[in-house]
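In what follows, a single structure is set out as structure tokens and then discussed.
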Number of protein chains: 2
Amino acid sequence: MKLEILKNENHDIQKKIISKIRDLINHKNLEPGDKLPSERTLSEKFEVSRGNIREAIQKLEFYGLLESIPQSGTFVANIGVTAMNGMIEDILRLEEPDFKSLVETRILLELKTAQLAAMRRTEEDLQEIKDALDAYSEKVINGEDAVQEDLLFHLAIAKASGNSSMNTFMLIITPGIITNFEKYHVCDKNQAFLGIQEHTDIYAAIRSQDPKLAKEKMKAHFKILYQYCYNQK
Amino acid sequence: MKLEILKNENHDIQKKIISKIRDLINHKNLEPGDKLPSERTLSEKFEVSRGNIREAIQKLEFYGLLESIPQSGTFVANIGVTAMNGMIEDILRLEEPDFKSLVETRILLELKTAQLAAMRRTEEDLQEIKDALDAYSEKVINGEDAVQEDLLFHLAIAKASGNSSMNTFMLIITPGIITNFEKYHVCDKNQAFLGIQEHTDIYAAIRSQDPKLAKEKMKAHFKILYQYCYNQK
DNA sequence: TTATCTAAATTGGTTAACCAGATTGGTTTT
DNA sequence: AAAACCAATCTGGTTAACCAATTTAGATAA
């Protein structure tokens with residue numbers, strides 16, 4: 001409980017620091033390549049710990065807005081003040097994604113990865129998808145829980161898509177999907193049995209290198225989920 | 001130069017730690033809820049600094065595989081060994097996305113965000129998109145560089161889509177897109193002038209709440225880019 | 001024997017000291 | 001006057017000490 005509060009406080013502090021950095025860049029008219037004040041200077045100017053400053057800078061570095069060079073300084077990336085302001089505003093605004101956003105995004109990604117996997121899969125990819133499918137089927141037939149095997153099947157397809165961005169994004173949204181699924185108890189035995197057929201259809205389409213069919217079968221697979229989630233709301 | 005090497009070494013160390021944690025979970029048959037050895041124990045067992053251990057744990061925490069509780073310990077998340085192994089393998093394998101992956105993913109996301117924005121945009125969203133469009137047009141007409149304003153127009157649409165996951169992903173791929181664009185000098189003056197019309201078309205479709213048209217116009221906008229990027233390869 | 005309480009040890013998180021390398025300003029040399 | 005050099009200073013990065021909360025184990029009391 002207290003953890004949550006602390007973490008939120010910490011998160012708030014980071015947001016405040018980021019907005020102060022933005023204000024500083026605007027006020028001092030810092031242009032691409034200009035150097036920010038040192039971490040120590042900022043920490044006493046903003047009256048926060050140096051660690052907090054470092055975290056904020058690293059976050060802005062992640063989004064490509066700043067660049068830290070050891071033993072030298074932190075510099076404004078090659079991006080103008082306009083885009084800088086717009087992007088920082090976005091970063092500050094971003095709330096934690098709701099379940100609906102996660103599902104919507106997952107479906108979008110999976111329809112594409114299925115399509116791409118059908119186009120690009122190697123024999124090795126295909127074998128891995130097949131293995132995941134078999135593991136899944138076996139668990140379901142034995143009446144065991146197969147959430148993990150289901151997940152691995154989908155991740156195998158993402159891998160076969162040959163697009164590392166989409167693969168990464170699948171991994172990022174996976175935890176949120178799983179926890180929410182378990183919270184809502186979406187998967188029951190009937191759906192699992194139906195899942196075997198749907199998974200098999202998807203696999204077959206990817207094997208026969210039919211992108212359109214793969215997308216179609218993936219869409220069918222998500223149809224129930226999609227409706228279920230939106231009715232839940 | 002040396003920075004790169006060091007950073008790669010650091011990255012390698014983290015990967016090694018993550019795979020060692022995976023081995024440990026497998027070897028000790030740690031199940032969901034089980035406690036990992038303390039950070040200090042791990043650091044001397046793996047012969048790395050405690051900071052490295054913390055980074056690796058935080059990364060696995062980000063992907064929902066571990067959970068750290070202050071003054072208590074780090075625990076295996078509610079995810080079985082099968083999925084744990086599969087996901088860690090994926091995490092270790094993920095390479096930096098190439099330009100093609102980035103563009104492919106951006107197009108996928110933007111076609112959807114345009115569509116969703118047309119469905120869900122509020123009056124406020126619409127105004128912000130309009131402002132971004134005007135700022136872009138003005139720069140282009142004055143013959144100035146308008147890369148930033150172009151970017152902000154697209155981010156405004158992502159915001160209006162009402163899907164925070166997609167919005168986040170757009171922000172994540174943006175830096176890679178920008179740096180590569182500048183590297184390849186994609187945008188020239190002619191494209192910028194053409195861009196005004198295309199942007200205006202997209203805006204009009206979103207204003208008139210026509211999802212299908214919005215997607216179509218966005219597709220047209222990306223057509224040149226898409227071909228250009230793939231020809232570049 | 002069981003339950004309860006207390007103090008010591010353990011935990012993840014945080015802070016302050018330290019490090020190596022880059023920068024800078026002044027000095028010396030040519 | 002200009003170039004070369006050098007030491008003091010400043011930088012982000014790293015490490016070790018510290019902290020408060022928690023857990024644990026043993027002593028005590030019922």
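Below, chain A is the first sequence line, B the second, and so on; all start at residue 1.
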Phosphate OP1/OP2 of D:dT15: any B:S49 side-chain N/O under 4.0 Å: yes
Spacing between A:E44 atom CD and C:dT15 atom P, to the nearest angstrom: 16 Å
B:I53 CD1 to C:dG13 C1', straight-line distance once rounded to whole Å: 16 Å
Presence of A:T74 side-chain N/O under 4.0 Å of D:dT11 phosphate oxygens OP1/OP2: no
Gap between atoms CD and C1', on A:Q71 and C:dA20 respectively (whole Å): 6 Å
Sugar-phosphate only, base, or nothing, as touched by A:G73 at under 4.0 Å among non-hydrogen atoms: sugar-phosphate
Interatomic distance, A:I69 CD1 vs C:dA20 C1' [rounded to whole Å]: 16 Å
Nearest to side-chain heavy atoms of B:S38, which nucleotide of D:dG13, C:dG13, C:dT11: C:dT11
Phosphate contact (D:dT23 OP1 or OP2) by B:S72 side-chain N/O below 4.0 Å: yes
Polar side-chain contact A:R40-D:dG12 base: donor and acceptor under 3.5 Å: yes
Integer-rounded Å distance: C:dT15 C1' and A:R54 CZ: 13 Å
5′-ward residue of the pair A:I57/B:G51 relative to DNA chain D: A:I57
Separation of atom CD in A:E55 from atom P in C:dT15, rounded to whole Å: 10 Å
Salt bridge present between B:R93 and A:E128 (N-O < 4.0 angstrom): no
Polar contact flag, side-chain donor to acceptor under 3.5 angstrom, A:S137-A:D134: no
Spacing between B:E67 atom CD and C:dG12 atom P, to the nearest angstrom: 13 Å
Integer-rounded Å distance: C:dC19 C1' and A:R50 CZ: 11 Å
Salt-bridge contact B:K20-B:D23 (side-chain N to carboxylate O under 4.0 Å): no
Parallel, tilted or perpendicular: ring planes of B:F222 versus B:H154, cut at 30 and 60 degrees: tilted
Flag for A:S164-A:N167: side-chain donor and acceptor within less than 3.5 Å: no
